[in-house]
Amino acid sequence: MRNPIRPWPMLSCALLVACANGFQSQEPAAAPPPAPANASLGDPGAWTSTGRDAAEQRYSPLTQIDQKNVDGLGLAWSYKLDVDRATEATPVVVDGIMYVTGAYSIVSALDPRDGHELWKYDPKVSRDVDRQGCCDVANRGVAVAGGKVFVGAYDGRLIALDAKTGAPLWTADTVIDHKRSYTITGAPRVIKGRVLIGNGGAEFGVRGYVSAYDADTGKLDWRFYTVPGDPSQPPENEAMALARATWYGDQYWKFGGGGTPWDSMAYDPELDLVYIGTGNGVAWNRKVRSDGKGDNLFLSSIVALKPETGEYVWHYQTTPGDSWDFTATQSLILADLSIDGKSRKVIMQAPKNGYFYVLDRTNGQLLSAKNFVKLTWSSGIDMQTGRPMETPDADWTSGPKLIFPGPLGAHNWQPMSYSPQTGLVYIPAQQAPALYAPDNSQTFKGKGLWHLGSQPIALPEKPKELQGIADLYKGQLVAWDPVAQKAVWTQDYATIWNGGTLATAGGLVFQGTADGRFVAYAADTGKKLWETPADTGVMAGPMTYTIDGQQYVTVEAGWGGAFPLALGGISTVAAVKPQARVLTYKLGGSATLPAVDLAPETLPPPPPVTASAKVVGHGRELYNRYCGMCHGPDAMSGGVIPDLRYLTADKHLLFNGILAGAYASKGMPAMMDVLSADDADAIHQYLIQRAHDLQKQLAAGSGKAGG
């Protein structure tokens with residue numbers, strides 16, 4: 001075993017839950033078209049995995065669309081996804097078929113020439129499962145290999161489908177404990193005949209792990225846990241023995257520990273190493289989780305494993321003792337860089353904590369690290385130890401602290417890309433601070449509940465104060481030189497939560513934006529060369545492919561996820577609605593999108609407030625604790641989940657019934673297992689008060705954020 005850089009103590013934080021809209025299920029059947037020769041596996045015109053290849057560079061060698069002609073791009077076709085919720089997948093094109101996913105893990109196979117549907121598979125994820133996970137019912141795509149399509153369902157199933165027909169071939173239950181809130185949102189990877197998948201759920205109290213299943217049979221081959229388990233039991237292997245020495249107290253294993261590897265992976269076939277990124281701890285607050293001590297391996301780490309056995313090889317911990325939700329689950333990119341005159345095999349990451357890391361991927365040695373955004377929690381990286389140098393402002397366990405970045409991170413799941421042509425990495429960066437306030441008394445309370453060791457998110461209810469906070473949130477595309485560790489050019493955005501990036505040999509970088517645009521820049525200079533309306537917020541990573549000699553660029557568009565759900569009123573700066581579609585462009589394309597109605601919703605006349613100010617105040621606390629992570633803090637929705645200030649008269653009458661599960665089939669989970677009838681009444685009275693507040697604001701025309 002290698003442990004080149006010892007872990008380091010830190011903080012953590014995270015966000016979100018979801019609620020829901022309705023959906024329509026369609027049973028497919030049309031036969032797929034014959035596969036054109038130029039879209040076969042391994043062809044430069046194909047896009048065969050979520051990051052295009054095992055190195056996860058998200059770089060295409062295609063050059064038909066370039067800096068000179070990109071302004072001739074037009075919409076070739078669009079495809080409406082079933083549910084207007086978080087749309088986060090990068091499509092895959094293999095053997096002449098495009099595979100896309102949407103909310104609730106629904107898979108569609110499309111003809112990439114014109115977007116017509118070939119088949120659809122709905123795994124029938126229960127629509128009230130939202131409460132079991134963080135950050136919306138998203139799915140980030142499929143893996144395709146050996147005539148099979150592999151998808152991780154939000155409820156924890158890994159499913160293999162026939163690539164031509166969509167017929168299910170096998171299903172594996174990846175959840176080790178159904179009394180815990182495990183989910184899957186990431187795309188699987190297929191490596192050496194094995195399907196690798198990680199799980200999510202750290203905020204809710206789970207033990208992280210990545211699993212490998214036989215691609216032909218679905219049989220579990222190996223499992224690597226990312227944090228230690230019950231200390232009364234022997235550790236599963238040497239890696240867990242190493243990790244256990246970095247945890248303290250008797251609470252971490254009751255909470256589960258966290259460390260979920262919910263997104264990024266990469267593979268080096270020459271070294272035969274698979275790399276995974278791991279997530280935050282649970283509780284976020286290290287004082288609650290681990291007596292305020294220890295590096296807590298393997299939280300927020302990059303870990304190298306042997307793909308045939310899952311055996312630990314090395315690790316590097318980006319945020320020791322993580323207490324801020326500074327996950328290391330963000331994009332992992334493999335490349336060969338010339339550093340100090342020597343070619344080095346590197347792995348690069350820009351995780352939530354705000355540093356850009358370049359490591360030697362053969363052994364995990366830290367080569368360089370530099371912050372790419374404003375930080376207040378750390379003043380730099382000690383290159384002798386590889387550890388961040390924490391500032392006095394970093395520790396929030398004894399009192400509230402405003403920290404840059406917050407749990408949304410300096411870079412979240414939106415994938416970055418690397419161009420060997422320019423030598424630059426294109427990062428969807430953001431300034432997104434947070435006020436962390438401790439709850440040091442928290443204990444594990446069971447499934448479907450947040451376990452953060454922090455106070456619930458709350459925002460100012462006065463529009464001008466809210467706008468002041470919204471102004472702190474700034475989005476940016478950063479073209480980063482990983483050798484010089486500096487920004488070469490940047491593009492500023494109206495707000496955070498902008499999309500992933502695609503780099504091409506045509507000298508282009510494509511990115512969607514939170515405020516509803518799809519944009520192409522010159523990869524070398526950052527000059528904007530083309531822009532088109534997407535009519536919704538774009539978060540996903542774009543891709544490009546060729547069919548019949550024609551190059552296309554595709555992006556999945558659709559608003560949702562942590563930002564609009566957990567920070568509701570702040571996210572309305574984006575001024576978009578969640579229209580979930582696949583958008584595909586080509587030179588000379590002339591298709592159009594249907595018009596989007598952005599007119600504000602009419603506020604129904606609210607009933608009178610009948611409770612005392614004390615009861616209404618209690619309702620606010622209960623709302624922010626149990627409802628705000630979905631419907632937005634202080635009853636200000638981000639537009640993805642219904643804004644409860646707009647309850648109609650019939651919903652006011654049915655309010656307690658809705659909390660009891662009347663709308664479970666529509667995606668609103670039952671909550672009366674944690675709320676009493678008096679609690680429900682207090683929340684209802686608070687929402688009525690907030691409706692009256694909004695009525696006054698609309699009459700006065702005051703405020704921008706929070707609407």
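No experiment lies behind these values; they were computed from the predicted model shown.
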Item to check | Test: Lys374 cationic atom under 6.0 Å from Phe404 six-membered ring centre, within 45° of axis | outcome: yes

Checklist entry - Less than 4.5 Å apart, any side-chain heavy atom of Val640 and any of Asp136? => result yes

Item to check | Ion pair Arg690/Asp693, N-O distance below 4.0 Å | outcome: yes

Checklist outcome for this item: CG of Asn139 to CD1 of Ile184, rounded to nearest 0.5 Å, is 9.0 Å

Item to check | Stacked cation flag Arg289 on Trp284, 6.0 angstrom / 45 deg | outcome: no

Checklist entry - For Phe444, is the NZ or CZ atom of Arg180 found under 6.0 angstrom from the centre of its six-membered ring and inside 45 degrees of the ring axis? => result yes

Checklist entry - Does Arg581 make a cation-pi contact with Tyr79, if we ask for NZ or CZ under 6.0 Å from the ring centre and within 45° of the axis? => result no

Checklist entry - OH of Tyr493 to CD of Gln511: how many Å apart, nearest 0.5 Å? => result 3.5 Å

Checklist entry - Is the distance between the ring centroids of Trp497 and Tyr473 under 6.0 Å? => result no

Next on the checklist: Out of the candidates Arg140, Gln414, Glu556, only one should pair with Glu88 under the side chain to side chain contact (heavy atoms under 4.5 Å, CB included) rule; please name it.
Outcome noted: Arg140

Checklist entry - Is the shortest distance from a Lys or Arg side-chain nitrogen in Arg127 or Asp122 to a carboxylate oxygen in the other one below 4.0 Å? => result yes

Next on the checklist: Would you say that more than 12 heavy atoms from the other residues, nucleotides or ligands in this model lie under 6.0 Å from the NZ of Lys474, or not?
Outcome noted: no

